[in-house]
Amino acid sequence: NDADETVKTLLLIPPEVVAKEKGFGELYIVMGDICEMNKNSTEALRLYEKAVEIKPIADAYAGAADLLLDEGRAKMNAATDDNERAAAVELLQRSANAFNKAAKLEPKQNNEHIYNLACATALANDETKCKQALADLKKKIEIGGKVGTEAAELLSDTAEDADFDSVREMEWFIEAVKKEERKNKL
């Protein structure tokens, strides 16, 4: 409750003051995180979006992308007609776009963003972007070390992740997962 009150108080700061101070972007991320923990996803998304208006920040894009992915996934699972599916796809595309921006801002530590980009695009039935995201993840494996190990583990996770059900039977997906499963077993 104290955190919610703090967020409400901080939101009273005039926009012209916020616009002058780049540090407010980080503050908006924290406020978004607080709203998200308190199950206020709409306000959290608004705060993450305000953060990137001030300054492009990977954590703000990732926070927004996570919320949009969760909402898009839920809407897709509950969709009963084409209009509902189209609304879900729009959320998933926004999520993918935000994950892509987060990944570009954190090129050395973006495996999770790339993986979630692949999830969002698979759910949105965007085979081309999903395939590219998984190829980008495979490139991270070649880096080796902790980054490569993490990328290999994430790529291996695609075999069991329900987000990939729409592409699971496609030849390119089967080959990508098989190769990684074989490497991980050795």
Side-chain angles (χ1 to χ4, degrees), residues 29 33 36 41 44-45 48-49 52 56-186:
I29 294 169
D33 291 345
E36 189 175 351
S41 298
L45 182 59
Y48 293 140
E49 289 172 342
V52 296
I57 305 169
D59 287 343
Y61 282 119
D66 281 332
L67 286 172
L68 291 165
L69 178 58
D70 289 344
E71 189 175 342
R73 187 184 288 126
K75 285 191 182 289
M76 186 63 81
N77 289 334
T80 58
D81 63 34
D82 289 342
N83 289 335
E84 290 174 353
R85 277 186 281 287
V89 166
E90 191 270 331
L91 290 170
L92 294 164
Q93 289 170 337
R94 286 176 55 202
S95 173
N97 185 42
F99 276 126
N100 190 41
K101 289 178 180 178
K104 287 180 179 176
L105 288 169
E106 287 185 327
K108 291 183 181 175
Q109 298 177 335
N110 62 6
N111 287 335
E112 189 174 327
H113 303 320
I114 294 170
Y115 180 85
N116 286 325
L117 167 62
C119 289
T121 54
L123 287 164
N125 293 315
D126 189 337
E127 179 184 341
T128 302
K129 287 183 181 174
C130 180
K131 186 176 180 179
Q132 182 59 54
L134 293 177
D136 290 346
L137 198 58
K138 286 186 76 114
K139 288 178 191 172
K140 294 290 198 166
I141 296 170
E142 296 169 13
I143 292 172
K146 184 179 178 182
V147 170
T149 300
E150 180 184 81
E153 289 170 358
L154 287 168
L155 191 59
S156 180
D157 289 348
T158 62
E160 302 298 322
D161 191 331
D163 288 348
F164 295 98
D165 285 350
S166 68
V167 296
R168 190 166 315 287
E169 300 302 319
M170 296 184 179
E171 189 62 35
W172 62 265
F173 182 84
I174 293 168
E175 283 304 309
V177 172
K178 274 186 191 176
K179 286 179 186 173
E180 214 42 58
E181 283 179 339
R182 273 183 272 159
K183 284 181 188 176
N184 285 339
K185 286 180 182 176
L186 295 176

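The analysis underlying the following values was restricted to heavy atoms, covering all of them including side chains, and did not include hydrogens, waters or symmetry mates. Note that the coordinates shown come from a computational prediction; the quantities given were computed from them, not determined experimentally.
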Given the rule in the side chain to side chain contact (heavy atoms under 4.5 Å, CB included) test, do Tyr48 and Asp33 qualify, once you have shown the distances and angles that lead to the verdict? CA-CA 9 Å; Tyr48 293 140; Asp33 291 345; 2.5 Å; yes
Scan Asp157, Asp161, Asp136, Thr158 and name whichever one has a side-chain hydrogen bond (donor to acceptor under 3.5 Å, both in side chains) with Tyr115. Asp161
Looking only at non-hydrogen atoms, find the nearest pair between Leu91 and Gly72 and report the distance. CB-CA, 3.9 Å
So, does Asn100 use its side chain to make a donor-acceptor pair with the main chain of Ala96 at under 3.5 Å? no
Side-chain (Thr121) to main-chain (Cys130) donor-acceptor, under 3.5 angstrom: yes
What's the spacing between Ser41 OG and Leu68 CG if we round to 0.5 Å? 10.0 Å
Does the pair Leu155 and Leu134 meet the rule for a side chain to side chain contact (heavy atoms under 4.5 Å, CB included), with working shown? CA-CA 7 Å; Leu155 191 59; Leu134 293 177; 3.8 Å; yes
Run the salt-bridge test on Arg94 and Glu49 with the 4.0 Å N-O cut-off and return the result as yes or no. yes
For residues 140-147, dump all side-chain donor-acceptor pairs below 3.5 Å to protein atoms at least two apart in sequence or in another chain.
residue: Lys140; atom: NZ; partner: Pro107; partner atom: O; Å: 2.4
residue: Lys140; atom: NZ; partner: Asn110; partner atom: OD1; Å: 3.0

Rounding to 0.5 Å, atoms CG (Leu69) and CG (Leu117) come to a distance of 10.0 Å
Just by distance, with hydrogens left out, do Asn97 and Tyr61 show a side-chain donor and acceptor under 3.5 Å apart? no
Separation between NZ of Lys138 and CG of Leu154, rounded to the nearest 0.5 Å: 13.5 Å
Rounding to 0.5 Å, atoms CZ (Arg73) and SG (Cys119) come to a distance of 6.5 Å
Within a radius of less than 6.0 Å around CG of Asp82, do more than 12 heavy atoms belonging to other residues, nucleotides or ligands occur? no
Does Gln109, at its CD atom, have more than 12 non-hydrogen atoms belonging to other residues, nucleotides or ligands within less than 6.0 Å? no
Please tell me if the side chains of Asn116 and Asp66 come closer than 4.5 Å, counting only heavy atoms from C-beta onward. yes
Rounded to the nearest 0.5 Å, how far does CG of Asp70 lie from CD of Glu36? 7.5 Å
Counting only heavy atoms from other residues, nucleotides and ligands, does the tally under 6.0 Å from CD of Glu127 exceed 12? yes
Shortest non-hydrogen contact from Ala65 toward Ser95: O-OG, 2.9 Å
Exercise: identify the closest heavy-atom pair between Asp59 and Ile29: CB-CD1, 4.0 Å
CD of Glu84 to CE of Met76: how many Å apart, nearest 0.5 Å? 11.0 Å
Got Arg168 and Asp165 here, is their nearest side-chain heavy-atom distance under 4.5 Å? yes
